[in-house]
2 protein chains.
Amino acid sequence: MRVLVTPEEPSSELADALVLAGADVVDPADDGASPVCAVVDLTNEVASVLRRARDLVAQGTPILAVVGAENLPLLETEDWWDDLAVSPINPVELRVRLRRLAAQMENEDLLSYDDLELDTATYQATLADEPVDLTYMEYELLRFFVEHRGRVWSREQLLSRVWGYEYFGGARTVDVHVRRLRAKLGEERSDWITTVRSVGYRFG
Amino acid sequence: MRVLVTPEEPSSELADALVLAGADVVDPADDGASPVCAVVDLTNEVASVLRRARDLVAQGTPILAVVGAENLPLLETEDWWDDLAVSPINPVELRVRLRRLAAQMENEDLLSYDDLELDTATYQATLADEPVDLTYMEYELLRFFVEHRGRVWSREQLLSRVWGYEYFGGARTVDVHVRRLRAKLGEERSDWITTVRSVGYRFG
DNA sequence: CGGGTGCTGTAACACGGTCTTCACATTGGG
DNA sequence: CCCAATGTGAAGACCGTGTTACAGCACCCG
């Protein structure tokens, strides 16, 4: 989860909490790294200076204000922030709030590989921005592959992890679904799923 | 600012903070006193018991969860609350959060999507300025969809969130209500509610 | 009190899509 | 070259959903 922090030298306590919360701090100068949330550290600053936080990030990016208890009243009349946390902040609380704000950005549910995108919230798939019509099982299998790319999975493993642990059926079922997936991915992308003879399949 | 508190005997610390924050606690039994926010005190309770908070207030009423730091992880996987506060809670922080949630409530008096408008204050719906006659359940379901458009909801999730957490009934009930909704929305708008096979329904 | 009316939940059925399986063709390795 | 493993196509079983009808209720009105 990528967040932008301002001012760039936050209190060491906030920096620690961000690490514990599992957040990656991005460089404001790096245009490519779009954050899912901005964190404004008001522990040592006055609010008026930092209203400009809105200008630092793309419109729609939620803003979390971190503030000392004594400065809370200052925020009451402001409306540029989307959530607040009182320092010293609990890392778990920070993570919960960041997650929630990121979900508001609704980018967290997006899985992607090359020009494939899977939106797990809407169950929609696109290839090069063109919608692809996948059936339920096709979608579940492809999602598993994208989430676990780079290693070989046996048919039995795929059956238990995608179809369900209690599933009892022929292993060839996997083959057929792989085939249909390759067909829907198209000619040039069909090698995304590699057959490893006598072992199983690998994605990516 | 009127708030509903559950359980009815909150910790004395929360009770004090509510007074200091300037909140009036309403009686759950009093139907006339509609609160602008519900406060769920999880300091001494487990979350699972109190998901029912959603059932205590009208749909759309925001819910503030008050939780001890040690129980924070419990809330991470839940989605029935709109904001949270870690106890012991600062009265000023409580006031700021309640204000924000109450404002959110007021802004939702008018919900709209395309040429559909829902007036949650009067329970009236219009399509292209033409009034539509919706039954109670139809209205509640449509309102949930409009408020949570853009993602898929399983039948079980819809039963929990629209019918109530303690509701136990067949999942097919949702199907029938979706059908009735589609019929009243009319031919050309019936695809607002998309069926996602083996998963559920998505609005918008 | 009794009948009517509208809302809600559930059961039953039909239809269409999807999954699974099978038979057969093709490939690849020893 | 042979055998095992995999690709391919089609057929049938199965599952999920749309649709309709109906029963139980609550409510209203005479």
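First the proteins, then the strands, lettered A, B, ... as listed; each starts at 1.
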Separation of B:Leu181 atom CG from D:dT17 atom C1', in whole Å?
-> 16 Å
Could you give the CG-to-P distance, from B:Leu142 to C:dC7, as a whole number of Å?
-> 16 Å
Starting at atom CE of A:Met137, determine the distance to atom P of C:dG17, rounded to an integer number of angstrom.
->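 Between P of C:dG17 and CE of A:Met137: 19 Å.
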With a non-hydrogen cut-off below 4.0 angstrom, is B:Tyr139 in contact with a base, only sugar-phosphate, or nothing?
->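 Nothing, no nucleic acid heavy atom in range.
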Residue met sooner reading DNA chain D from 5', once A:Val199 and A:Arg179 are mapped to nucleotides | A:Val199
Measure from CD1 on A:Ile193 to C1' on D:dG7 and round the result to the nearest Å.
->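 The answer, rounded to whole Å, is 13 Å.
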When you check the gap from the basic side-chain N to the acidic O, do A:Asp119 and A:Arg143 get nearer than 4.0 Å?
-> no
Could you check whether the rings of B:Trp153 and B:Phe144 sit parallel, tilted or perpendicular, using 30° and 60° as the cut-offs?
-> perpendicular
Please determine if B:Asp175 and B:Arg155 form a salt bridge, counting it only when a charged side-chain N lies under 4.0 Å from a carboxylate O.
-> yes
Quickly work out the A:Leu158 CG to D:dT6 P distance and round it to whole Å.
-> 12 Å
How do B:Val178 and A:Arg172 order along DNA chain D: which one's closest nucleotide is nearer the 5' end?
-> A:Arg172
Under-4.0 Å side-chain N/O to phosphate OP1/OP2 contact, A:Tyr167 with C:dT20 = yes
Check: B:Arg180 side chain, C:dG6 base, donor-acceptor under 3.5 Å | no
Along DNA chain C (nearest heavy atom to each residue), the more 5'-positioned of A:Leu134 and B:Ala171 | B:Ala171
Quick one: label A:Val196 by what it contacts on the DNA or RNA (base, sugar-phosphate, nothing), any heavy atom closer than 4.0 Å.
->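 Sugar-phosphate, backbone atoms only, no base.
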Any side-chain N or O of B:Tyr201 under 4.0 Å from OP1/OP2 of D:dG18?
-> yes
Member of B:Asp24, B:Val36, B:Leu18 meeting the side-chain contact (heavy atoms from CB on, under 4.5 Å) criterion with B:Met1 = B:Val36
For C:dG9, does OP1 or OP2 lie under 4.0 Å from any side-chain N or O of B:Trp163?
->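 Indeed, a polar side-chain atom of B:Trp163 lies that close.
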Within the structure, does a side-chain N or O atom of A:Arg155 lie under 4.0 Å from either OP1 or OP2 of D:dT6?
-> yes
Starting at atom CG of B:Leu141, determine the distance to atom P of C:dC7, rounded to an integer number of angstrom.
->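 Result: 16 Å.
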Member of A:Phe145, A:Tyr139, A:Trp163 meeting the ring-ring contact (aromatic ring centres under 6.0 Å, His included) criterion with A:His177 = A:Trp163
Phosphate OP1/OP2 of C:dG17: any A:Thr135 side-chain N/O under 4.0 Å =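 No, A:Thr135 has no side-chain N/O under 4.0 Å of OP1/OP2 on C:dG17.
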Any side-chain N or O of A:His177 less than 4.0 Å from the OP1 or OP2 oxygen of C:dT20?
->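 Answer yes for this pair, as a side-chain N or O of A:His177 is under 4.0 Å from OP1 or OP2.
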Mind calculating the distance between CZ (A:Arg197) and P (C:dT26) to the nearest angstrom?
->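 Result: 15 Å.
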Closest listed nucleotide, where the reference is the side chain of A:Ser198 and the choices are C:dT8, C:dT21, D:dA5 | D:dA5
Can you tell me the distance, in whole Å, between the CG atom of A:Asp175 and the P atom of C:dT21?
->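 Rounded to whole Å, this separation is 12 Å.
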Considering heavy-atom distances to DNA chain C, does B:Thr173 or A:Thr173 have its closest nucleotide positioned more toward the 5' end?
->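 On the 5' side of the pair lies B:Thr173.
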Compare every heavy atom of A:Ala125 with every heavy atom of A:Leu118, then report the nearest pair and how far apart it is.
-> CD2-CB, 3.5 Å
